[in-house]
Amino acid sequence: AAYFAARFCLAALVLDDDGFRLRGPLVDRGVPWTSVVGWSRLPERGGPAVVRIVHGPERRHLTIPLIYEDSHVLEIGLGQRRFPRY
């Protein structure tokens with residue numbers, strides 16, 4: 001529980017024209033929109049909804065819980081493969 005709080009609850013999700021970044025005390029990882037290979041929303045299992053993103057040529061995984069303000073915007077951006085436009 002302490003690791004989850006330090007990694008995710010103390011972090012911020014930042015979206016811009018180049019991509020998105022999860023930045024906090026235990027994580028500082030950015031992903032350009034153009035490197036996203038695939039993504040899916042994982043089923044909720046007694047906790048917050050989670051998005052798993054596959055990115056880059058090495059197909060790395062990044063899991064982001066949807067606990068952040070306006071985190072639904074991340075899902076829209078992933079679907080559009082760019083900064084979300086309404």
Side-chain angles (χ1 to χ4, degrees):
Y3 178 78
F4 180 87
R7 180 171 169 100
F8 295 112
C9 296
L10 299 177
L13 180 64
V14 180
L15 284 76
D16 60 22
D17 287 335
D18 297 327
F20 56 93
R21 175 172 294 283
L22 189 60
R23 180 176 289 154
L26 294 181
V27 63
D28 188 7
R29 193 149 161 213
V31 176
W33 295 113
T34 56
S35 76
V36 174
V37 175
W39 68 280
S40 63
R41 185 176 182 152
L42 302 178
E44 297 177 38
R45 294 185 184 137
V50 174
V51 172
R52 173 150 310 139
I53 302 155
V54 180
H55 64 94
E58 59 278 342
R59 302 181 64 85
R60 296 183 65 188
H61 289 238
L62 177 62
T63 303
I64 300 177
L66 299 177
I67 59 173
Y68 304 103
E69 183 178 358
D70 296 331
S71 61
H72 66 283
V73 176
L74 174 63
E75 290 183 287
I76 295 170
L78 289 168
Q80 296 176 353
R81 302 268 195 239
R82 61 184 165 95
F83 187 79
R85 301 212 200 291
Y86 298 98

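Just so it is clear, the model here is predicted, and its values are computed rather than measured.
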Participant: What heavy-atom pair brings G56 and V37 nearest, and what distance separates the two atoms?
Facilitator: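 For G56 versus V37, the nearest heavy atoms are O-CG2, 3.8 Å.
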Participant: Ignoring hydrogens, what is the shortest heavy-atom contact between I53 and V51? Give both atom names and the distance.
Facilitator: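 That closest heavy-atom pairing would be CG1-CG1, 3.8 Å.
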Participant: Side-chain heavy atoms under 4.5 angstrom apart, residues restricted to Ile, Leu, Val, Met, Phe, Trp, Tyr: same cluster for V31 and V54?
Facilitator: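 Different hydrophobic clusters.
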Participant: Roughly how far, to the nearest 0.5 Å, is CG of L78 from CZ of R41?
Facilitator: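 Rounded to the nearest 0.5 Å, the CZ-CG separation comes out at 11.5 Å.
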Participant: What are the two closest non-hydrogen atoms of T63 and R52, and how far apart are they?
Facilitator: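 Result for this residue pair: OG1-NE, 3.2 Å.
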Participant: Flag yes if V50 and L13 sit in one hydrophobic cluster, no otherwise; membership is Ile, Leu, Val, Met, Phe, Trp, Tyr, and two members link when side-chain heavy atoms are under 4.5 Å apart.
Facilitator: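 No, no single cluster joins them.
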Participant: Provide the closest heavy-atom pair for F20 versus L62 in the form atom of the first, atom of the second, distance.
Facilitator: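 Scanning both residues completely, I find the closest heavy atoms to be CE1-CD2, 4.0 Å.
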Participant: Crowded around R59 CZ? As in, over 12 foreign heavy atoms under 6.0 Å?
Facilitator: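 No - once you tally the heavy atoms of other residues, nucleotides and ligands closer than 6.0 Å, there are 12 at most.
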Participant: Decide yes or no on side-chain contact (heavy atoms from CB on, under 4.5 Å) for H72 and L66, but give the supporting numbers first.
Facilitator: CA-CA 7 Å; H72 66 283; L66 299 177; over 6 Å; no
Participant: Could you state the interatomic distance from CG (D17) to CZ (R82), rounded to the nearest 0.5 Å?
Facilitator: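 Rounded to the nearest 0.5 Å, the CG-CZ separation comes out at 10.0 Å.
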Participant: Please answer whether the main-chain N or O of F8 pairs with a side-chain N or O of Y68 as donor and acceptor at a distance below 3.5 Å.
Facilitator: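 Judged by distance alone, yes, a pair lies under 3.5 Å.
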Participant: Can you give me the closest heavy-atom contact between W33 and P84, atom names plus distance?
Facilitator: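 It is CZ2-CD, 4.4 Å.
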Participant: Go through W39 and H55 one step at a time and tell me if the side-chain contact (heavy atoms from CB on, under 4.5 Å) criterion holds.
Facilitator: CA-CA 9 Å; W39 68 280; H55 64 94; over 6 Å; no
